[in-house]
Structures are given as C-alpha cells and as structure tokens.
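What follows is a short report on a single structure.
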There are 2 protein chains.
Amino acid sequence: MPKLPQISDAEWDVIKVLWDRGEAGAQEVTEALAVGRNWRPQTVKTLLNRLVKKGAVAYVEDGRRFIYRPKVSRDAVARAESRSFLSRVFDGAVTPALVHFMKLGNLSKADIEELKRTLDRETKP
Amino acid sequence: MPKLPQISDAEWDVIKVLWDRGEAGAQEVTEALAVGRNWRPQTVKTLLNRLVKKGAVAYVEDGRRFIYRPKVSRDAVARAESRSFLSRVFDGAVTPALVHFMKLGNLSKADIEELKRTLDRETKP
DNA sequence: CGAGAGTAACTACACTTGTAGTCGGTAGTC
DNA sequence: GACTACCGACTACAAGTGTAGTTACTCTCG
C-alpha cells in the first residue's frame, strides 16, 4: 500500500474534486472550485503538482493537457488524518473524541439511530 | 471570549503539559516532554514563546524565570480543532465522522455502553 | 570574589503552505 | 504563415513550523 502523504488544507480541496469525479483536468478542477475558493488557475496547478510530487495523485497526458486522478483512496487518507487528529487532540483515545463530537450537537433522530446501529455492529467482531 | 489561535502540532504537546498541571516553568515542561519528544530546552522555550505571542498562554515572572499558564481552555481549542478537522475531512458532517471513528475500532464493551448513553442523552435536548 | 549553571531574548535556517507570476511551446484561427 | 489562447515548467515570496544556537545576564556555591 502506498505510504500516505501529508495533505494540506488547500490540497484537500483539490483532491476532493478528483475523488468526486474520478479524474479531471486542471481547468475542470479550477472551475469546480470557483465557488468558495476563488483561486487563480496557476494556484490550482501548483497544488495539483504538489499532490503529484507527494504521490497522492497521478496523471496521464491527453494531448498537451494532463488528466489527474487520485492515487490514494479518500478513505485511507481520512483514516490517516483521523488518527493524527486523534493523537494530537485526544491523545489517541477514540471514545472521548466520539463523546466530544456527539456533543458538538445537531444530531437528528435519524442520525442517532444510525449511530446506534453502527455501535451494535461494532459490538461483536 | 478570546479568539482562538491556531496551535501547531508541536505547540499542542507543550500546551497539553500546561493544561495537565495548571501551570509550569519552561524547565518543568521540558522534563515532562523528555519522554517521546526529546526536545532541547531551547526548543521548548521557543514553542512557549510562540504560544504566548499567539495569546494561547500567559506567564508571570517568578524571580528570573517565567511561570506559564494556559489562557485558553483545552475544551475550546479542541472544539475549534474538531470543527476544522470535520470541515476538511468530512465536509463538516458530524455523523459520517462518527461512523468513521467507530469503525476505527478498538471499542470495548464499556465504551460502547457509554457511547450509547451519550447518544440517549443527546436525544431529547 | 570568581566560576559555573541556569534564564530569557534574539537569531537562524530549512521545509511547508498559500497564493500566485512568468516563460517558452503548441494548437487552432484568420 | 502570424496571432492568440492555453498548457505545463519553473520561479517567487511571505508566513508558519520544527528544531535549535548564541548572547547577555544573574543567582548560587565554593
């Protein structure tokens, strides 16, 4: 499995677009991010380049443009980020973090039901 | 309420010691961190200084040494970090994050019970 | 009193991150 | 064939981070 690189905040926004679409060219990514993140095209290209250099993203040439595609799964990266977050903020303990998040509020009844089911599923294995 | 500064990884380790003890001098912090983070004393002082500059920590002079004390609560900082983590990794959605964390595993039976109770408590208010 | 140990202040320096600008090439258009 | 628009490559640059070194001062011990 590829070693997971450290992905920065701005880079996350970029790679999210790739995860959503499967693959995309630089221009497409720039347009997808136009709302909210108002980046110049060069900025997006720099970020794509850094992601390539980090090994998080691959590309194929398509004529004179590049098509980028994620090389690492969102789930794997989320897991790594979660672990680093947990160890920094909660000393690695999952349960206090869960309690903290639950108290962050805004859980609907449906959410709560789903979470309980997930807990049940976690009980046996 | 004081604006919450952005606290870096290394700074977290330092301010955690202050949260644990209430207050401490630079040397004490260095010793507390000697296991795991093997930092030179100057490194710890630099980090304390940065925390002071950021407004996360205050100090009083005690003779020719400084006694440092947190100015922001761990809970408030954890909340801010959680929010930023959530929005980066899970687009701000709490429930998927909770599910993800639960699957990170290692929940004991007792943990699961506690979490269910917490969910129940979240149900009414 | 003189030497050593410990203190905070100031300085250092490479790496990452956010946010681009510029350059040289090519594809497509008149 | 000349011009324009777009592409990737390379360069830039300030702020934040990790990790200290150096300096100037002072308290304490012999």
Side-chain angles (χ1 to χ4, degrees), chain A residues 3-18 23-31 33-34 36-69 77 80-81 84-85 87-89, chain B residues 3-18 23-69 77 80-81 84-85 87-89:
Chain A
K3 267 211 55 170
L4 289 180
Q6 168 76 14
I7 290 174
S8 84
D9 221 71
E11 288 160 3
W12 259 91
D13 277 4
V14 169
I15 200 174
K16 270 183 199 166
V17 175
L18 299 182
E23 59 175 41
Q27 198 187 12
E28 199 181 341
V29 175
T30 305
E31 281 160 15
L33 292 172
R37 290 290 220 171
N38 210 24
W39 280 327
R40 317 273 63 243
Q42 282 319 314
T43 303
V44 174
K45 285 179 197 170
T46 300
L47 293 171
L48 281 167
N49 257 315
R50 288 182 183 167
L51 285 167
V52 168
K53 207 161 288 168
K54 289 179 178 188
V57 160
Y59 63 86
V60 287
E61 306 192 19
D62 169 38
R64 52 201 207 85
R65 86 216 308 143
F66 289 0
I67 305 290
Y68 297 88
R69 173 195 331 252
V77 175
E81 281 273 329
S84 122
F85 166 81
S87 76
R88 184 180 25 179
V89 178
Chain B
K3 266 211 52 169
L4 289 181
Q6 168 76 12
I7 291 174
S8 83
D9 221 71
E11 288 160 4
W12 259 91
D13 277 4
V14 168
I15 200 174
K16 269 184 201 168
V17 175
L18 300 182
E23 60 175 41
Q27 198 186 12
E28 199 181 342
V29 175
T30 305
E31 281 160 14
L33 293 172
V35 194
R37 291 290 222 172
N38 211 23
W39 279 328
R40 315 272 69 241
Q42 283 318 316
T43 302
V44 174
K45 284 179 197 167
T46 299
L47 292 171
L48 282 166
N49 256 316
R50 289 182 184 167
L51 285 167
V52 168
K53 206 161 289 167
K54 288 179 179 187
V57 160
Y59 63 85
V60 288
E61 306 191 18
D62 168 39
R64 51 200 209 85
R65 83 215 309 142
F66 288 1
I67 305 291
Y68 298 88
R69 172 194 333 252
V77 175
E81 282 271 331
S84 121
F85 167 81
S87 75
R88 185 179 25 176
V89 179

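Worth saying up front: this structure is predicted, and the values here are computed from it rather than measured. Chain identifiers are assigned alphabetically (A, B, ...) following the order of the sequence lines, protein sequences preceding nucleic acid strands; residue numbering begins at 1 within each chain. Keep in mind that the numbers below use all heavy atoms, side chains included, and drop hydrogens, waters and symmetry copies.
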* Where at least one partner belongs to residues 39-63 of chain A, residue pairs that pass side chain to side chain donor-acceptor pair (under 3.5 Å), sequence neighbours excluded -> A:E11-A:K54
* To do: Rounded off to whole Å, could you give me the NZ-to-P distance for the A:K53 and D:dG8 pair?
  => 14 Å
* Whole angstrom value for the distance that separates C1' of C:dT7 from CD of B:Q27 -> 10 Å
* Let me know the distance between NZ of B:K45 and C1' of D:dT23, rounded to the nearest Å. => 13 Å
* To do: Not counting sequence neighbours, which residues clear side-chain contact (heavy atoms from CB on, under 4.5 Å) with B:A32? List them please.
  => B:V17, B:R21
Distances under 3.5 Å between nitrogen or oxygen atoms of protein and nucleotides 26-30 of chain D:
residue : atom : partner : partner atom : Å
D:dC27  : O4'  : B:R64   : NE           : 3.4

* Reading 5' to 3' through nucleotides 16-21 of chain D, protein heavy-atom contacts under 4.0 Å coded B for base, S for sugar-phosphate only, - for none -> -BBBBB
* Nearest-Å distance, CG (A:L48) to C1' (C:dA20)? -> 14 Å
* To do: Would you kindly give the CG-to-C1' distance between A:L51 and C:dG18, to the nearest whole Å?
  => 13 Å
* **Residue list, side chain to side chain donor-acceptor pair (under 3.5 Å) with A:R64, at least two apart or on another chain** => none
* Asked: Once you round it to whole Å, what is the distance between C1' of C:dT19 and CG of A:D13?
  -> 14 Å
* Using side chain to side chain donor-acceptor pair (under 3.5 Å) as the criterion, list what pairs up with B:R65, not counting sequence neighbours. => none
* To do: Kindly write out the residues that satisfy side chain to side chain donor-acceptor pair (under 3.5 Å) with A:E81, not counting sequence neighbours, or none if the list is empty.
  => none
* **Partner residues of A:E31 under the side chain to side chain donor-acceptor pair (under 3.5 Å) criterion, sequence neighbours left out** => none
* Structure fact -> Tested for side-chain contact (heavy atoms from CB on, under 4.5 Å) against B:I7, the lone hit among B:L51, B:V57, B:V14 is B:L51
* How would you list, by chain and number, every residue that makes a side-chain contact (heavy atoms from CB on, under 4.5 Å) with B:V35, sequence neighbours excluded? -> none
* Asked: CZ of A:R65 versus C1' of D:dA5: gap in Å, rounded?
  -> 12 Å
* Do A:V60 and A:R69 pass the side chain to side chain contact (heavy atoms under 4.5 Å, CB included) test, and can you show the C-alpha distance, the side-chain angles, and the key distance before you say yes or no? -> CA-CA 8 Å; A:V60 287; A:R69 173 195 331 252; 4.2 Å; yes
* Structure fact -> Here the distance between atom P of D:dC7 and atom CZ of A:F66, to the nearest Å, is 12 Å
